[in-house]
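Everything on this sheet refers to the single structure shown next.
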Amino acid sequence: MSSDADTTIQSDTQLGRCGLDHTRAERPGRGVIHTWGSTLIPTTREAPSDAESPSHILLSRAGYIRKLGSGIYDYLPLAWRTLRRISQIVREEMDAAGASELNLPVLLPIELYAGTRRDADYGDLLFKVTDRKGAVAALGPTHEEPITELVKGSINSYKQLPINLYQIQTKFRDEARPRSGLLRCREFIMKDAYSFHTALEGAGGLNETYDKMYAAYTNVFRRCGLDFTAVEAESGPIGGSASHEFMVNAPSGEDTILKCPVSGYAANVEKCEIGDRGLHTLDAEPTGELAEVHTPNLPGIDEVGKFMKVKPDRMLKTIVFAVTRHDGSRHWAIAVVRGDHDVNEGKVKIAVREMTGDANATVSLADEKAARAAGFAIGYVSPKVINSVKGTLLIIDHDAAQGGFWASGADKPDHHVKHFNWKREVGPILADLRYVKVGDARNAMAGDPSPRATGSRLETARGIEVGHIFKLGTKYSQAMGLSVLDAHQQSRPVIMGCYGIGVSRTMAASVEQNHDADGIVWPPAIAPYHVLITVLKPDAPEHREAARTIADRLASSGMDVLIDDRDERPGVKFKDADLIGLPVRLTIGDKALAEGAVEFKARRVPGKGEIVPLSDTVAKCRAAMSG
RNA sequence: CGGGGUGUAGCGCAGCUUGGUAGCGCGUUUGACUGGGGGUCAAAAGGUCGUGGGUUCAAAUCCCGCCACCCCGACCA
C-alpha cells in the first residue's frame, strides 16, 4: 500500500510553546486513514530493561514512547494521537463548563515566586534554569503565580468575575526519583485551570465552579472510558481548604484509597476520617508493675516488639512535633498512636489548632537534634514526657487511649517499659483539656469503622491519581496583591480555585487499568485509531483494494483507520495488533474475501474473530466503539 | 538525600574473577524458500566496550576520579 493511499489530508500543527494545541484541516466527521508503513510504530519483542510497570513496558514495546533521559520521554505518533484525544475530551468538557483556554509561558522568572515563597516550599522539585545574564527562571510545575499576575493586571472589578482559565501544556518537576515510565516523569503534559471569585457561596462563587469542575472531571474520565473513583483529599503544600482527587482504579497504583461500601464515602489515606471507635478508658487500672527493659540497637517498633515479646498493637508509638503559633511562639506537641498504626500529620495539625485556638499554627515533624535538646529521647519517648517538658501538647489517638497492657518508650535512650498505665504514668494532667486531647491522629486502614455509615467497615483499593481539584482560597491573591472592588466599592481579595488533570499520566493509567498478557486494550475514545485493518497479502491487488474500500467507508463514518500494509508474516502482524491495542482488528485474507467478507475481532474479547460480510463491517465496527 | 546495582551493536544479554583478534539472541539489509499467531536457509552491515586519567609491551577486563541510568527507602501539586 503506497502512501498515496491517504485520501485525507491531515494538517496537525503544534501551536504555542510546549502546548498541545492543534487544528485539524480535515473534513468534519470524517476519520483519517493512515498506513503502518508510512508512520512510525517501532514495536519490539522485548522491553527496555528499566521498564517494570505494565504501562511502561507496553507503551515502550508497542512503539508509543521512548525514553530520552530519566523521567523524559518521546511521544511517538501513536502516543501523540492518544494524548490529543484525551486533550480534546478535556478541552470539550472544560469549554462546556465555561472555562477559557489560554497558554502561559513555561519559563517563569523566579521573581514571580517572591510573594508566595513557593520556590522554597517546592524546594528542589522546582526545575530552574539560568540565562546568559545569570537570571534564574523556573520551568513551570503549575501556574498559580503567572495566572494570578495576569488576572491582577487585567481584572479590576467584581463584574469581571467569576472567570475560569485553563491551559494544556508541558510541565516540569525535578522529581527526586522518576519512575514507572509516564506515571512519574520530570516532564509531563498537564491541564491546569484556575478560577477567580469574589465569594465562596452563591452564584458565581468558588463552590459553584468547584462543583462544575467536579462534574466536568467526572465527564472527562467517564468519556475516556476509565474506571475511576473520586476521593476526598488533603490539599497538600499547594495550600487551600478542600480538594478531591480523581483516581484511576488499578491494582498497580501507587496510592491507597479507602472506601465505605455502604455510604460511598471515599478518601485518600491522608484525609480519610475514621468512624466512632468507642469510649476511651484512660482511667483503667494498671496491669502490673512498671518494668523497664533494656532494648539497645533496635531500629523499629517491630524489632522492639519482638525483643520484648509484645505485639505492635499493644505498644504506644509517640511522635514529637514542633508547633509554631501565628505569633511566632514555638512549643512541642506529641502524638500517640498504637504501634501498628501510622501517625497522620494533617490530623495532628487539626488537633493542635483546635487545642490552641490558633487556626494558623503550623505543625511539622520535630527536628531530631532540637527535640533531643529539649528533653525528648527520640525513639524512646513516652507520653509522660509532657510532665517534664512544660507546655507540650499531648494528642492521643482513640485506639491508644485505652486501658490494658501497654509497652512504651522509657524516656531514656535504649530503654522501653512494660505495663505502662495512662493514669499512673501521666498523672493528673491527663484531665487538663488545655494540654491533652483524645482524638483521631492516625491514618485510616482497611477494617476501620466507616465515618459515614454505622456498622460499615472501610475497604482499601489502589489507584493512580489523574485529576485533582482544590479550593485555594486567598493564598495566592493575598500574597500577590490580587483584589477587586465589590459592589460596595470595598477592596476584596479574590478567592481562587485550581484544577489539574495529568494528561500524559492519564494515558499511562489507562494502560495500567486496561491491558492483558498480549498488550494494550484501549478504551475506544482514547485509542490512537479506532480500527486496524490487517492485510495478510499486501501484494495482492484484491486484498489492497478490499482494505481501501473498507477503510474509506469507516473513515466516512467518522472512524480513524490504520492499515497494516507491511510485508510481514501474519503472526508478526497479529502480535503487533494485540500489542498496540486498537479496539477493532479487521483481517483481510483469502478465505473470508472469497465470500465477500472480512474477519472481525474486538481487542477486548478473547478468542477468535468472526466472519462479517463487507456490507456489515461499518455497522459492526461502530457498535464496537460504544461497547 | 541514605542504601544497593548497572553502563559492551537499535533492544535484551555474555565476556571482566585469571589483561592478549569483541561475542550471542532478537531486530536490520540482500537472496531463496515460505505464507492465518513473532518462520527456514544462506550471506551481510552495525560497537572510540559511558567518560577522563593511571598501571602495563598490551586494558571491555586491574586502579582512581567523574557522568549517566535503575531499584529500595525518604520524598511525592
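Residue numbering restarts at 1 for every chain, and letters A, B, ... go by the order of the sequence lines.
- Among B/C11, B/A77, B/C69, the nucleotide with an atom closest to any side-chain atom of A/Pro48 is B/C11.
- Taking for each of A/Arg505 and A/Ser180 the nucleotide of RNA chain B with the nearest heavy atom, the 5'-most of the two is the partner of A/Ser180.
- Whole-Å rounding puts the A/Leu68 CG to B/C70 P distance at 12 Å.
- Base pairing analysis places B/G73 opposite B/C1; the two distances defining the Watson-Crick or G-U wobble pair are each below 3.5 Å.
- Between A/Arg45 and B/G25 there is no side-chain N or O to OP1 or OP2 distance below 4.0 Å.
- When rounded to the nearest whole Å, the span between CG of A/Leu125 and C1' of B/C75 equals 9 Å.
- Counting only heavy atoms from C-beta on, A/Ala176 has its side chain closest to B/A74 among B/A77, B/G10, B/A74.
- Heavy atoms of A/Tyr499 sit nowhere under 4.0 angstrom from any nucleic acid atom.
- For the pair A/Asp342 CG and B/C75 P, the interatomic distance rounds to 11 Å; values are reported in whole Å.
- Within residues 569-578 of chain A, the residues that have a heavy atom under 4.0 Å from RNA chain B are, in order of number, A/Arg569, A/Pro570, A/Gly571, A/Val572, A/Phe574, A/Lys575, A/Asp576, A/Asp578.
- Residue contacts for A/Asp255: at a heavy-atom cut-off of 4.0 Å it reaches no nucleic acid atom on any strand shown.
- A gap of 23 Å separates the C1' atoms of B/G4 and B/C62, to the nearest Å.
- Of the C1' atoms belonging to B/G53 and B/C72, the separation is 33 Å, rounded to the nearest Å.
- Under the Watson-Crick or G-U wobble criterion, with both distances below 3.5 Å, B/A22 has no partner in any strand shown.
- Residues A/Phe470 and A/His468 bring their aromatic ring centres within 6.0 Å.
- Each of B/C76, B/C70, B/A77 was ranked by its minimum atom distance to the side chain of A/Glu465; first place goes to B/A77.
- With sequence neighbours left out, A/Glu93 forms a side-chain hydrogen bond (donor to acceptor under 3.5 Å, both in side chains) with A/Asn219, A/Arg223.
- Partners of A/Tyr529 under the ring pair (Phe, Tyr, Trp, His ring centres under 6.0 Å) rule, at least two apart in sequence or in another chain, are A/His34.
- One can place CG of A/Asp564 at 19 Å from P of B/G35, the figure rounded to the nearest angstrom.
- In this entry B/G50 has B/C66 as its Watson-Crick or G-U wobble partner, both defining distances falling under 3.5 Å.
- The gap from the P atom of B/A22 to that of B/C49 amounts to 10 Å, rounded to the nearest Å.
- Under a 3.5 Å cut-off, the side chain of A/Asp564 and the backbone N or O of A/Arg566 do form a donor-acceptor pair.
- With hydrogens and angles left out, the side chain of A/Arg585 and the base of B/G37 share a donor-acceptor pair within 3.5 Å.
- With sequence neighbours excluded, no residue satisfies side-chain hydrogen bond (donor to acceptor under 3.5 Å, both in side chains) with A/Thr617.
- Residue contacts for A/Gly500: at a heavy-atom cut-off of 4.0 Å it reaches no nucleic acid atom on any strand shown.
- The gap from the C1' atom of B/G23 to that of B/U61 amounts to 15 Å, rounded to the nearest Å.
- Looking at A/Asp539 and A/Lys537, no side-chain N of the basic residue comes within less than 4.0 Å of a carboxylate O on the acidic one, giving no salt bridge.
- At least one side-chain heavy atom of A/Arg66 sits less than 4.5 Å from a side-chain heavy atom of A/Pro42.
- Residue A/Lys171 is classed as having no contact, given no heavy-atom separation below 4.0 Å to the nucleic acid.
- Contacts of A/Lys573 classified as side-chain hydrogen bond (donor to acceptor under 3.5 Å, both in side chains), with partners at least two apart in sequence or in another chain: none.
- In this entry B/U56 has no Watson-Crick or G-U wobble partner, no candidate having both defining distances under 3.5 Å.
- Judged by distance alone, with hydrogens and angles left aside, A/Arg173 brings no side-chain donor or acceptor close enough to the base of B/C76 to form a pair under 3.5 Å.
- With B/A74, B/U28, B/A77 as the choices, the nucleotide that has an atom nearest any side-chain atom of A/Glu568 turns out to be B/U28.
- The A/Thr587 side chain lies nearest to B/G36 when the options are B/G36, B/C72, B/G12.
- Nearest nucleotide to the A/Arg179 side chain, out of B/C71, B/G35, B/G36: B/C71.
- For A/Ile501 and A/Arg186, each mapped to the nucleotide of RNA chain B holding its nearest heavy atom, the one lying further toward the 5' end belongs to A/Arg186.
- Taking the C1' atoms as reference points, B/C57 lies 31 Å from B/C24, given to the whole Å.
- Nucleotides B/C63 and B/G25, compared at atom P, are 31 Å apart to the nearest Å.
- Figure legend: cation-pi geometry between A/Lys471 and A/Tyr210, with NZ or CZ positioned under 6.0 Å from the six-membered ring centre and within 45° of its axis.
- For A/Arg61 and B/G38, a side-chain-to-base donor-acceptor distance below 3.5 Å is present, hydrogens and geometry of angles not being considered.
- Contact annotation: A/Ser70 side-chain N/O to B/C70 OP1/OP2 distance is under 4.0 Å.
- Atom CD1 of A/Ile469 is separated from atom C1' of B/A77 by 14 Å (rounded to the nearest Å).
- If you check every strand for non-hydrogen atoms under 4.0 Å, A/Glu52 touches sugar and phosphate atoms only.
- A 3.5 Å limit on both hydrogen-bonding distances identifies no Watson-Crick or G-U partner for B/A45.
- By the side-chain hydrogen bond (donor to acceptor under 3.5 Å, both in side chains) test, A/Ser195 pairs with A/His197, A/Tyr499, sequence neighbours left out.
- Residue A/Pro141 is classed as having no contact, given no heavy-atom separation below 4.0 Å to the nucleic acid.
- Using N1 to N3 plus N6-O4 or O6-N4 for Watson-Crick, or N1-O2 and O6-N3 for G-U wobble, each under 3.5 Å, B/A32 pairs with B/U40.
- In this structure, A/Arg177 atom CZ and B/G2 atom C1' are separated by 12 Å, rounded to whole Å.
- Base pairing analysis places B/A14 opposite nothing; no Watson-Crick or G-U wobble pair with both distances below 3.5 Å involves it.
- Ion pairing between A/Glu254 and A/Arg184 holds under the 4.0 Å rule for side-chain N and carboxylate O.
- For B/A43 and B/C26, the P atoms lie 15 Å apart once the distance is rounded to whole Å.
- When rounded to the nearest whole Å, the span between CD1 of A/Ile65 and C1' of B/C11 equals 15 Å.
- Look at CG on A/Leu536: it is 13 Å from P on B/G38, rounded to the nearest Å.
- For B/G37, neither phosphate oxygen OP1 nor OP2 lies less than 4.0 angstrom from any side-chain nitrogen or oxygen of A/Lys608.
- A distance of about 34 Å separates the C1' atoms of B/G54 and B/C11, rounded to the whole Å.
- With ring centers used as reference points, A/His143 lies 6.0 Å or more from A/Tyr194.
- For B/C11, the OP1/OP2 oxygens have no side-chain nitrogen or oxygen of A/Ser49 closer than 4.0 Å.
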